[in-house]
Asks: 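Before anything else, here's the structure in question.
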Amino acid sequence: MPCSLSDRGPGCSPYAEMSARLNLGESALKSRSNGLRRRFAEALRFEIAHTVSGPEEIDEEIRCLFAAVRG
């Protein structure tokens with residue numbers, strides 16, 4: 001089974017595997033994935049800001065969301 005970027009197990013090098021498949025250097029893939037994570041975090045904060053009473057509630061709402069997803 002292929003590795004995912006969140007895999008940390010022995011023998012699993014997800015960036016190496018994915019960069020080869022995408023014909024990208026490993027550092028380029030890491031850079032792009034970090035950019036995607038950053039943009040996702042910004043978009044998530046933006047959307048959650050529309051659901052809470054004030055900006056001081058955003059972080060708590062995100063913590064609650066992640067706790068609900070984890071189960």
Side-chain angles (χ1 to χ4, degrees):
M1 178 188 326
C3 299
S4 72
L5 292 180
S6 62
D7 287 339
R8 303 283 188 253
C12 190
S13 179
Y15 283 105
E17 181 182 316
M18 288 184 187
S19 64
R21 198 174 340 145
L22 296 170
N23 198 27
L24 283 172
E26 202 169 327
S27 62
L29 178 61
K30 287 178 181 180
S31 177
R32 289 181 185 190
S33 63
N34 285 335
L36 286 171
R37 283 188 199 103
R38 186 178 56 254
R39 287 194 300 273
F40 177 78
E42 291 168 359
L44 181 65
R45 291 185 73 78
F46 179 80
E47 291 301 324
I48 287 180
H50 290 78
T51 67
V52 295
S53 300
E56 66 281 355
E57 297 177 358
I58 295 172
D59 289 333
E60 179 60 25
E61 190 69 14
I62 290 173
R63 280 190 289 277
C64 289
L65 173 64
F66 287 170
V69 170
R70 277 192 303 269

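Heavy-atom basis, side chains included; hydrogens, waters and symmetry copies ignored. Owing to the predicted nature of the structure, the values given are computational and were not obtained by experimental measurement.
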Asks: Counting C-beta onward and ignoring hydrogens, is there a side-chain heavy-atom pair between R39 and L36 closer than 4.5 Å?
Replies: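 In short, these two side chains touch, coming nearer than 4.5 Å.
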Asks: Among the clusters formed by ILVMFWY side chains lying less than 4.5 Å apart, do I62 and F46 turn up in the same one?
Replies: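 Unlinked, I62 and F46 end up in two clusters.
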Asks: With heavy-atom distances below 4.5 Å as the criterion, would you say the side chains of E60 and R63 are in contact?
Replies: yes
Asks: Measure the CD-CD1 distance between E57 and I48 for me, rounded to the nearest 0.5 Å.
Replies: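 Atom-to-atom, E57:CD and I48:CD1 are 11.5 Å apart.
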Asks: How many angstroms lie between CZ in R21 and CG in N23, if you round to the nearest 0.5 Å?
Replies: 12.5 Å
Asks: How long is the span from the NZ atom in K30 to the OH atom in Y15, to the nearest 0.5 Å?
Replies: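 Result: 7.0 Å between the selected atoms.
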Asks: Roughly how far, to the nearest 0.5 Å, is CG of L29 from CD of E17?
Replies: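 Result: 11.0 Å between the selected atoms.
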